[in-house]
Amino acid sequence: MTTLVREPVTRAPAAAPAARLRRRSAGRFRGTPGRLTLATVALVVLGLATGVAGAVGVRQRADLVDGAVARSGELTVAAQRLYRALSDADATAASAFLTGGVEPVALRERYQADIAAAAAALAVVSGGGAGDGRGANAVARIAAQLPVYTGLVETARVYNRQGVPVGGAYLREASGVMRERLLPAAQELYEAVSGELDEARGDAGAFPWFAVALGVLTLAALVVVQRYLTRRTNRVFNIGLVVATVAAVTAMLWLGVSALVTAGRLEASHDRGSEEVARLAEARIAALQARADESLTLVARGNGQAFEDDYAKMMDRLAGENRDGGLLVPGDADETTRAALAAALTEARNWDSAHQQVRQLDNDGQYAEAVTASVGSEQTSTATIANRLDEQLAGAIDHNSENFRQEVRGAAGSLAGADIGVGLLAALLVVGAAAGIQRRLAEYR
């Protein structure tokens with residue numbers, strides 16, 4: 001008996017569900033309606049991304065201008081005031097010591113005001129978190145050494161009132177603390193906050209490349225879609241897409257122009273503000289150190305050659321070796337600053353001439369006359385001339401500090417409302433693109 005074996009029937013496997021879904025999806029986006037749907041999605045995504053990137057970027061730069069740049073600028077000014085107050089305290093203490101006995105009330109009050117100003121400026125930079133770790137370390141050193149300095153000055157003052165010669169030694173030790181510890185720390189602090197200001201200014205003035213790149217990509221997509229519609233529909237203009245294109249161009253121009261104006265104003269705040277202030281402050285401090293050197297040379301009673309050498313060094317730095325400029329060269333300063341520097345240079349020359357007379361009197365044994373020529377109230381005394389020079393530099397510093405503030409305010413103003421404006425334009429772009437394409441899609445239904 002023959003057994004029949006039925007061979008299995010081989011059937012083609014059913015199409016996988018995932019493959020069917022892919023074919024169905026691909027078919028959905030074939031043809032003009034599908035391509036227009038894809039274009040709508042792409043333009044909406046690009047428009048939203050451009051708006052978010054632009055608005056967020058503007059807001060970040062505005063915050064940097066309002067916060068970081070302004071804050072760093074104020075900390076830089078405070079650091080300069082600290083350095084200046086310390087230098088002036090040293091010069092005033094030396095001048096007061098020369099008068100012997102009870103020092104003049106005006107000099108005593110000026111010294112106390114300097115110490116108070118230094119403490120206030122130190123509190124500002126400390127509370128503002130000035131600089132990085134380097135700045136914090138400088139603040140700590142100043143806070144630790146300032147009481148040491150004032151204690152030595154008070155000890156010198158007590159001995160001076162009693163006519164005890166050892167008072168001069170205490171004063172020289174106090175000046176050593178100032179020059180070897182306090183002023184270097186103050187300089188380090190100033191460099192730290194200045195670096196922070198430059199960094200904040202660079203960040204705030206950065207061009208919004210990412211947002212602009214997205215905007216350019218969006219514009220390119222709008223152009224491509226409009227050309228496609230023109231070929232498919234024979235219509236030259238699509239009102240919705242034209243509105244979207246105008247919105248995109250306006251947003252890009254707003255972003256670019258506001259960024260360029262902001263960068264320009266911040267650069268001006270450096271060139272016509274903080275840079276000039278730094279140079280003027282350096283000149284003012286050099287003058288104060290020269291003033292202290294002159295007084296300490298007299299205090300040393302024939303043993304002050306080191307102070308006299310430092311005076312010459314400071315005066316060369318201030319007015320140049322030939323007294324033809326130095327730090328007082330106008331450079332690219334504005335008219336007000338140039339006038340102040342010209343007057344300061346004249347006073348520096350007068351001071352140096354008067355100083356030579358002081359040294360001649362001291363070298364000839366006429367110590368009392370030399371002291372009078374140095375700290376006297378006459379218009380020709382070196383103290384009076386130095387004060388006039390300091391007033392010129394102080395006025396120029398105030399003028400350039402105001403320039404800095406005006407330029408920073410201008411930078412902030414150039415960004416005002418840009419984040420909201422760019423966001424609204426992006427929204428108009430999205431609505432215009434979607435509405436314009438949907439009108440064409442409706443013709444296929």
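Reckoned from all heavy atoms, side chains included, excluding hydrogens, waters and symmetry mates.
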Is the shortest heavy-atom distance from the side chain of [X] to the side chain of [Y] under 4.5 Å?
X    : Y    : answer
L86  : L82  : yes
D419 : V422 : no
Q60  : D203 : no
V430 : L48  : yes

Does the distance from a Lys or Arg side-chain N to an Asp or Glu carboxylate O, for [X] and [Y], drop under 4.0 Å?
X    : Y    : answer
R291 : D390 : no
E154 : R157 : yes
D332 : R272 : no
E402 : R409 : yes
E335 : R338 : no
K313 : D293 : no
E276 : R279 : yes
D88  : R284 : no

Whether the [X] and [Y] side chains hold a donor-acceptor pair (N or O, under 3.5 Å, no angle test) is what I'd like checked.
X    : Y    : value
T218 : T50  : yes
S414 : T262 : yes
S95  : R110 : no
E378 : T384 : no
R201 : S269 : yes

### Message
Between Q379 and R388, does the side-chain hydrogen bond (donor to acceptor under 3.5 Å, both in side chains) criterion hold? Intermediate values first, please.
### Response
CA-CA 10 Å; Q379 292 299 308; R388 291 200 299 264; 3.1 Å; yes
### Query
Relative to the ring of H355, is the ring of Y311 parallel (under 30°), tilted (30 to 60°) or perpendicular (over 60°)?
parallel
#### Entry: Among V246, I420, T250, the one residue meeting side chain to side chain contact (heavy atoms under 4.5 Å, CB included) with L425
T250
### Nearest-0.5 Å distance that lies between atom CG in D352 and atom CG in D316
8.5 Å
### Query
Stepwise, does the side-chain hydrogen bond (donor to acceptor under 3.5 Å, both in side chains) test hold for T337 with D334?
CA-CA 5 Å; T337 306; D334 60 24; 2.8 Å; yes
### Query
Where do D90 and L182 land on the side-chain contact (heavy atoms from CB on, under 4.5 Å) test, with the steps shown first?
CA-CA 11 Å; D90 193 38; L182 285 170; over 6 Å; no
#### Entry: side-chain hydrogen bond (donor to acceptor under 3.5 Å, both in side chains) evaluation trace for S353 with R349
CA-CA 6 Å; S353 297; R349 290 167 177 164; over 6 Å; no
### Check: L222 main-chain N/O paired with Q226 side-chain donor or acceptor under 3.5 Å
yes
### Query
Under 3.5 Å, is there a donor-acceptor pair between the side chain of S87 and the main chain of R84?
no
